[in-house]
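Naming: A, B, ... by sequence-line order, numbering from 1 per chain. In this text the structure is predicted, and so the values were computed from the model without any measurement.
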Amino acid sequence: MSHFIESLYPWYLRHRRDLPWRKTTDPYLIWVSETILQQTRVGQGLPYYERFILSYPDVVSLARAHEDEVLKLWEGLGYYSRARNLLAAARQILQNFNGKFPSAYSDIRKLKGVGDYTAAAVASIAFNLPYAAVDGNVYRVLSRCYGLETPINTPAGKKLFAQLAEELLNRREPGMHNQALMEFGALQCVPKNPDCENCPLVNHCAAFLTKQVDRLPVKNRTLQRSSRYFNFFLIEGVGQILIHKRQKNDIWKNLYQLPLEETAGETSAEEILQSQLLIPLLNIETVKIQKITPLRTHELTHQRIFARFIHLQTDQLPENTAGFIKINKKDISKFAFPGLVKKYFEENHLI
DNA sequence: AAACCGGGGAA
DNA sequence: TTCCCAGGTTT
C-alpha cells in the first residue's frame, strides 16, 4: 500500500471532471456510461448519456424498449452493436435477475457487450469489488511509468498489463483507484505531447527518464481500409420516400438507409441510372432526376465509403415497394440512420 | 490472431 | 493524413 501510484489519488481528487455518472453508485447508470464511453470521448458521449437515461432511467424500462427506439437514441454515436447489446443485456437482467442489476463480477461479465474492462469498471465503481479496469488510458499510463514496450494489442500485452494493473490495485478503494488511473491518462498522460514538466509522476516515469514518452505505448497496427461504393436513392413521391432496414451482418446493422445500389468499383451516376436495377424493381414509370450529388467519402475504422445520392422525383410511389418501407417525409427523423445519410437529409432540409 | 464494428477531435 | 478514444464480438 505504499506504491507511488498512490500519489495519483490526491491528483485525482483535485483534477477529476465533474461528470454525471460520478454522482451515482447505481450500477445501471455506471454500466450505461461505461458502454457509451467505449472507444468514445467523454465530450462526444455525454449528451447521449443524458438522453439515454432520461428515456430509460432503469434496467426494466430499457428491457421493455424496442430496438429501433434504442438505436434511434444511439444514432450518430457509432459502434451500434453497443446499443443492441445494451438492450439484450437489460433483457438478460430482467429474465435472470428479476430486473435487479447483478452484483457479482462473474454475472456482470456474462452480460452481452460486457468484456473484461466494462465488467471490472462496473464491479469496482458500483460495488467496490477489487477488479482492475484496464482501458486505453491505463495501458498508456502503465507502459510509460514502467517503460514497458510489449505491444498492447497482443495477447501477451493484454496479459502483462492486466497482471500489473491487478498488482497495483488499491483493494480498499478499487473504484476510486481505477477512475484515478483512467482520468490521469485522459487529462495528464495524454497520447500526444503530454505536459511531463508538470506531471506528479515525472520522477517515477521510466519513459520520461529514457525519453521514450512519445514512443509508448507500443501498438502493432494491422488496420487496412477497404473501399466501397454506395449509390443511395432518394426516391420521392408526393410527401413520401422509400427507406430500407439493413439486416445483414455488415456495417450499420439494423439501422435504416435509403435504397442502395452498391457497386464493386467507381461507377458514374449515368451508368448507375442506365443499369436500371432499382427503378424497374419498383415499377416506377415517370421518374424525374432532381439532383445527383458528387461522390463524397465517409471514413470508418476499416472501410472507406464513397457515396453519392441520387434524388429522383415521381408522381406516385408504387404500392408494392419490394422490401422497401414507404414513409412520410415528416417521419424521417423517427428512424435511425447512419451519420452519412442523416447528414444528407439535413443538407436538403428533410429533417 | 486477425477481422470487424463508427464517428469525431486533435495534431 | 494519422492516431486515438472509459472495447467487445466474431471468425
Side-chain angles (χ1 to χ4, degrees), chain A residues 12 16-17 19-22 30-49 71 74-86 88-89 109-122 124-126 132-141 151-159 161-162 165 175 177-187 189-194 214-226 228 246 248-255 297-305 336-343:
Chain A
Y12 175 63
R16 68 174 179 177
R17 290 165 289 184
L19 300 169
W21 46 87
R22 292 206 169 127
I30 306 285
W31 169 55
V32 170
S33 74
E34 291 298 344
T35 305
I36 287 177
L37 292 172
Q38 286 168 12
Q39 299 288 280
T40 304
R41 292 171 192 282
V42 168
Q44 188 188 0
L46 194 50
Y48 284 85
Y49 173 81
L71 285 171
W74 214 267
E75 185 185 40
L77 191 56
Y79 283 136
Y80 299 94
S81 65
R82 292 182 293 174
R84 299 193 302 268
N85 288 336
L86 210 51
R109 179 63 179 80
K110 285 185 193 122
L111 297 173
K112 275 247 184 192
V114 174
D116 292 339
Y117 164 75
T118 306
V122 174
S124 65
I125 297 170
V134 185
D135 72 338
N137 293 308
V138 176
Y139 282 119
R140 188 168 56 254
V141 172
I152 60 173
N153 57 344
T154 60
K158 289 184 198 307
K159 189 176 171 186
F161 285 94
H177 170 96
N178 282 334
Q179 293 189 79
L181 212 49
M182 292 191 281
E183 192 77 338
F184 182 72
L187 299 182
C189 196
V190 293
K192 293 191 172 166
N193 306 320
D214 56 342
R215 269 190 359 95
L216 293 173
V218 175
K219 202 174 195 174
N220 290 339
R221 55 171 164 290
T222 54
L223 183 78
Q224 52 189 28
R225 241 190 284 260
S226 57
R228 296 176 74 175
R246 297 181 65 90
K248 288 184 291 190
N249 271 329
D250 195 356
I251 56 172
W252 305 322
K253 184 179 174 187
N254 290 8
L255 269 69
T297 62
H298 186 73
E299 305 280 351
L300 278 55
T301 307
H302 62 288
Q303 295 183 23
R304 172 172 293 136
I305 310 288
F337 295 95
L340 172 67
V341 178
K342 189 179 182 188
K343 195 176 293 177

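- Checked against C/dA6, B/dG7, C/dC4, the side chain of A/Met182 finds its nearest nucleotide in C/dA6.
- From A/Gln179, atom CD reaches atom CG of A/Leu19 across 9.0 Å, with rounding to the nearest 0.5 Å.
- The distance from atom CG of A/Asp135 to atom CG of A/Leu181, rounded to the nearest 0.5 Å, is 8.0 Å.
- Taking the six-membered ring where tryptophan is involved, the planes of A/Trp252 and A/His298 are tilted, since the angle between them lies from 30° to 60°.
- No contact: A/Ile36 has no heavy atom under 4.0 Å from any strand.
- Contact annotation: side chain of A/Arg22 to base of C/dA6, donor-acceptor pair present below 3.5 Å.
- Note that OH of A/Tyr79 is 10.0 Å distant from CD of A/Gln38, once rounded to the nearest 0.5 Å.
- A/Asn178 comes within 4.0 angstrom of nothing in the nucleic acid, heavy atoms only.
- In the interface, the side chain of A/Arg41 is paired with the base of C/dC4 through a donor and an acceptor atom under 3.5 Å apart.
- Considering only side-chain N and O atoms, A/Thr118 lies under 4.0 angstrom from the phosphate OP1 or OP2 of C/dG8.
- Rounded to whole angstrom, the span from the CD atom of A/Gln38 across to the P atom of C/dC4 amounts to 19 Å.
- Rounded to whole angstrom, the span from the CG atom of A/Asp135 across to the C1' atom of C/dG8 amounts to 14 Å.
- The heavy-atom pair separating A/Phe337 from A/Lys342 by the smallest distance is CB-N, 4.2 Å.
- Rounded to an integer number of Å, the gap from A/Glu34 CD to C/dA6 C1' is 5 Å.
- Both A/Asn85 and A/Leu37 sit near DNA chain C, but only A/Leu37 has its closest nucleotide nearer the 5' end.
- Here the C1' atom of nucleotide C/dG8 and the NZ atom of A/Lys112 are 11 Å apart, to the nearest Å.
- Looking at heavy-atom distances under 4.0 Å, A/Val114 makes contact with sugar-phosphate atoms alone, never a base.
- Atom CD1 in A/Ile152 sits roughly 10 Å away from atom C1' in C/dC4 (whole-Å rounding).
- Rounded to the nearest 0.5 Å, atoms CG (A/Leu71) and CG (A/Asn254) are 6.5 Å apart.
- Of the two residues contacting DNA chain C, namely A/Val42 and A/Gly113, the nearest-nucleotide position lying further toward the 5' end is that of A/Val42.
- The CZ-C1' distance, from A/Arg304 to C/dT1, rounds to 9 Å in whole Å.
- Residue A/Tyr80 places at least one side-chain N or O under 4.0 Å from the OP1 or OP2 atom of B/dG7.
- No contact: A/Gly45 has no heavy atom under 4.0 Å from any strand.
- The shortest distance between the side-chain N/O atoms of A/His298 and the OP1/OP2 oxygens of B/dG6 is not below 4.0 Å.
- If you find the closest nucleotide of DNA chain B to A/Lys192 and to A/Ile251, the one lying nearer the 5' end belongs to A/Ile251.
- Contacts of A/Thr40 with the nucleic acid, taken as non-hydrogen atoms under 4.0 Å apart, include base atoms.
- Using P as the reference atom, B/dG8 and C/dT9 are 24 Å apart when rounded to the nearest Å.
- B/dG9 sits 23 Å from C/dG8 when the P atoms are compared, rounded to a whole Å.
- Contact annotation: the side chain of A/Asn85 never approaches that of A/Thr35 to less than 4.5 Å [non-hydrogen atoms, C-beta and beyond].
- Phosphate contact (OP1/OP2 of C/dG7, side-chain N/O of A/Gln39, threshold under 4.0 Å): present.
- For A/Lys158 and C/dG7, the NZ to P distance is 11 Å, given to the nearest whole Å.
- Between C/dC5 and A/Arg140, a contact under 4.0 Å exists linking OP1 or OP2 to a side-chain N or O.
- Side-chain nitrogen and oxygen atoms of A/Trp21 include none within less than 4.0 Å of the OP1 or OP2 phosphate oxygen of C/dA6.
- The same atom, P, is picked in B/dC4 and in C/dA6; the two are 25 Å apart, to the nearest Å.
- When the P atom of C/dC3 is taken as reference, atom CG of A/Leu216 falls 16 Å away, rounded to whole Å.
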